[in-house]
Protein chains: 2
Amino acid sequence: MSHKYNNEDKVLIAVDCIIFGFDQEEEELKLLLIKRDFHPEKDKWSLMGGFMKIDEKIEEAATRILHTLTGLTQVYMEQLEVFSELDRDPVERTISVAYYALINIEDHDEELIKQYSASWFEISKVPKLIFDHDIMVDHAIKRLRYRTSVQPIGFELLPEKFTMRQLQKLYEEILNERLDKRNFTKKINALDILEKLDEKDKNSSRKGSYLYKFNQKKYRTKCENGFIFKV
Amino acid sequence: MSHKYNNEDKVLIAVDCIIFGFDQEEEELKLLLIKRDFHPEKDKWSLMGGFMKIDEKIEEAATRILHTLTGLTQVYMEQLEVFSELDRDPVERTISVAYYALINIEDHDEELIKQYSASWFEISKVPKLIFDHDIMVDHAIKRLRYRTSVQPIGFELLPEKFTMRQLQKLYEEILNERLDKRNFTKKINALDILEKLDEKDKNSSRKGSYLYKFNQKKYRTKCENGFIFKV
DNA sequence: AATAATAAGTGTATTTTTTACATTTGTAAA
DNA sequence: TTTACAAATGTAAAAAATACACTTATTATT
């Protein structure tokens, strides 16, 4: 802020969303991208985006834009950063605020996805994207890696009930490294923020594996007593 | 970005700077604040700010605004986040991108500081600030705490040559906790990115303490070989 | 009814990292 | 020469991270 301002310096604020999902079948971290049906860069792959309205907060714009494509509300989103290269959008001088979102891939609206010719891409197979979207994705992955290691947001990518194996695979995908099963279980159990259910998932083995739930309330209480999440 | 846009949704982009300095005499982390000589909120304390110009990147605006107050260029700055509450600025709908800067407190231009009625405040004694600037400061401190623990940016706040004691005091101020002298020295030496000079600083003791320099080149080389800074 | 196949579940020993802690040294002023 | 004062230094104990392999539960097959 300052006292001198100039209407000619006003610009459009875009919001671009890096939407992460965890494919349970293929045990892969994926990104939701749209195929542009408009110019410029028609038919190219891109992040889902839109413009902030004058009567909206930037978070609201991000939420709205995510909802437009996925039909979802109440989604975990985090602001990444502002991108403002002068020629980043060839049509109009805009700056873009990038957000990443973590969704449970099973919850999204298939119909909307079709409308936007959107589809899910494995992280390592993301195509070349328009504008500066490649950089946004790159930064989002780094931020996600950091954030999941210091806050229990990984659960946002899983169904409410999940197995230890699913959780481990998820972390392996995000961190892009293999983890030892015993050490992982030990670490997660030591955190003491999961609830082990009397229910088993039999999809992946005859023996079946126990299902767990993230206990948000317990986590909050522990935080109030100085607990710090760390994986 | 999207194909539909509306000129009425254009807004001014403010940049606000959280300027950190480390006072060598008092061994305290401080913030540079200005006293507004214009309305609204005249005579209140505030962060240094300004508006992004249409032909500038946001980083350029941040650099320019920092230079206006301090006379400095080539300063370490990091983008924090966007603040966009509808009524954050009562005069005009603006969104603000907050940046924090780390400067060597001895280098700044005293004259400019006077012009802006700016002065340095100990972190714990920062007065109530205008708009959402308190929140910005709060977030900046948290980010600084994290960033200094994973990147060697603390040196930006020190003179080129500094003692181990100064470095420790700096970290203590940033992290807001006391550290053990032997363990700290051991840790820093183990990083092997400092150069010990054949020169002593005799200001704080008769014996004098050795001066060190951050070896940027060595750090870069180590990074290329997979080194990860961690304090 | 026995067997085979498969992923789930579990514990310990070793290494590495972090923490706690006290004495000696060098210099200038008295 | 003595005093005063911060600088410099090492080791043992505790905690955390890592490496590693066998048993169990279940179902499908014979």
Side-chain angles (χ1 to χ4, degrees), chain A residues 24-28 145-146 148-150 158-159 161-173 175-213 222 226-231, chain B residues 24-27 145 148-150 158-159 161-173 175-213 222 226-231:
Chain A
Q24 306 298 331
E25 252 92 276
E26 307 187 32
E27 298 186 321
E28 278 165 0
R145 228 164 250 170
Y146 165 64
T148 47
S149 75
V150 298
L158 294 173
K161 300 173 184 179
F162 52 86
T163 65
M164 221 19 119
R165 181 202 165 82
Q166 284 176 305
L167 188 62
Q168 182 179 339
K169 284 286 171 185
L170 172 65
Y171 273 94
E172 289 182 337
E173 279 291 298
L175 303 174
N176 197 27
E177 61 178 342
R178 297 319 110 202
L179 303 172
D180 178 86
K181 185 167 54 158
R182 280 165 292 188
N183 294 338
F184 182 79
T185 310
K186 203 192 308 172
K187 203 172 214 171
I188 297 295
N189 283 331
L191 292 174
D192 187 31
I193 53 174
L194 292 192
E195 201 176 319
K196 187 175 185 172
L197 306 176
D198 272 337
E199 207 177 328
K200 283 187 163 186
D201 171 77
K202 295 225 170 171
N203 292 320
S204 63
S205 75
R206 307 204 211 285
K207 186 179 178 180
S209 57
Y210 282 103
L211 287 164
Y212 292 78
K213 253 183 175 171
K222 292 191 76 160
F227 170 72
I228 290 173
F229 179 92
K230 187 84 196 63
V231 174
Chain B
Q24 306 297 330
E25 252 93 275
E26 307 188 32
E27 296 186 324
R145 226 165 252 170
T148 48
S149 75
V150 298
L158 294 174
K161 299 175 184 178
F162 51 85
T163 65
M164 213 34 110
R165 181 200 163 79
Q166 285 176 303
L167 187 62
Q168 182 180 340
K169 284 286 171 186
L170 172 65
Y171 273 94
E172 288 182 339
E173 279 291 299
L175 303 174
N176 198 27
E177 61 178 342
R178 297 320 109 201
L179 303 172
D180 178 86
K181 185 166 54 159
R182 281 166 293 187
N183 293 339
F184 181 79
T185 310
K186 203 192 309 172
K187 203 172 215 171
I188 297 294
N189 284 331
L191 293 174
D192 187 30
I193 52 175
L194 292 191
E195 200 175 319
K196 186 176 185 172
L197 306 175
D198 271 338
E199 208 178 328
K200 284 187 163 187
D201 171 76
K202 296 227 169 171
N203 291 319
S204 63
S205 74
R206 307 203 211 287
K207 186 179 178 179
S209 58
Y210 281 103
L211 287 164
Y212 292 78
K213 254 183 176 172
K222 292 192 76 156
F227 170 72
I228 290 173
F229 180 92
K230 187 84 195 62
V231 173

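Each chain gets a letter, A, B and so on, in the order its sequence line appears, and its residues count up from 1.
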(request) To the nearest Å, give me how far apart CG (Asn183(B)) and P (dT9(D)) are. (result) 14 Å
(request) Pick base, sugar-phosphate or nothing for Lys181(A), based on heavy-atom distances below 4.0 Å to the nucleic acid. (result) base
(message) Any heavy-atom pair between the side chains of Asn189(A) and Met164(A) that's under 4.5 Å?
(response) yes
(request) Give me the first and last nucleotide of DNA chain C, going 5' to 3', that has any atom under 4.0 Å from a heavy atom of chain A. (result) dA5(C) to dT12(C)
(message) Quick check: do Ser209(B) and Lys200(B) have side-chain heavy atoms less than 4.5 Å from each other?
(response) no
(message) What is the distance, to the nearest angstrom, from the CD atom on Glu27(B) to the C1' atom on dA6(D)?
(response) 12 Å
(message) Do Asn183(A) and Lys186(A) make a side-chain contact, defined as non-hydrogen atoms from C-beta onward lying under 4.5 Å apart?
(response) yes
(request) Can you measure from CD1 (Ile193(A)) to CZ (Phe229(A)) and round to the nearest 0.5 angstrom? (result) 5.0 Å
(message) A quick test of your reading: do over 12 heavy atoms of other residues, nucleotides or ligands sit less than 6.0 Å from CZ of Phe184(B)?
(response) yes
(message) Mind checking if Lys186(B) touches a base, just sugar-phosphate, or nothing, with heavy atoms under 4.0 Å?
(response) base
(request) Classify the side chain of Lys207(A) versus the base of dA25(D) as yes if they form a donor-acceptor pair under 3.5 Å and no if they do not. (result) no
(message) Both Ser205(B) and Gly208(A) contact DNA chain C. Taking the nearest nucleotide for each, which residue is further toward the 5' end?
(response) Gly208(A)
(request) For Asn189(B) and dT9(D), give me the distance from atom CG to atom P, rounded to whole Å. (result) 8 Å
(request) Answer whether the closest heavy-atom distance between the side chains of Glu27(A) and Glu172(A) falls below 4.5 Å. (result) no
(request) State whether Ser204(B) places a side-chain N or O below 4.0 Å from either non-bridging phosphate oxygen (OP1 or OP2) of dA7(D). (result) yes
(request) Could you pick out which residue, Ser209(B) or Arg206(B), lies toward the 5' side of DNA chain D when each is mapped onto its nearest nucleotide? (result) Arg206(B)
(request) Nearest whole angstrom, please: distance from the P of dA19(D) to the NZ of Lys187(A). (result) 12 Å
(request) Round to the nearest Å and state the distance from Leu167(B) atom CG to dA7(D) atom P. (result) 13 Å
(message) Can you tell me which nucleotide in dT9(D), dA28(D), dC20(D) comes closest to the side chain of Asp180(A)?
(response) dC20(D)
(request) Give the rounded distance in Å between these two atoms: NZ of Lys202(B) and P of dC5(D). (result) 17 Å
(request) Find the distance Ile188(A):CD1 to dA17(D):P and express it as a whole number of Å. (result) 12 Å
(request) Return no unless some side-chain N or O of Arg165(B) is found under 4.0 Å from OP1 or OP2 of dA7(D). (result) yes
(request) Mind calculating the distance between NZ (Lys169(B)) and C1' (dA6(D)) to the nearest angstrom? (result) 12 Å
(message) Does Lys196(A) qualify as a cation-pi partner of Tyr212(A), given the criterion of NZ or CZ under 6.0 Å from the six-membered ring centre and within 45 degrees of its axis?
(response) no
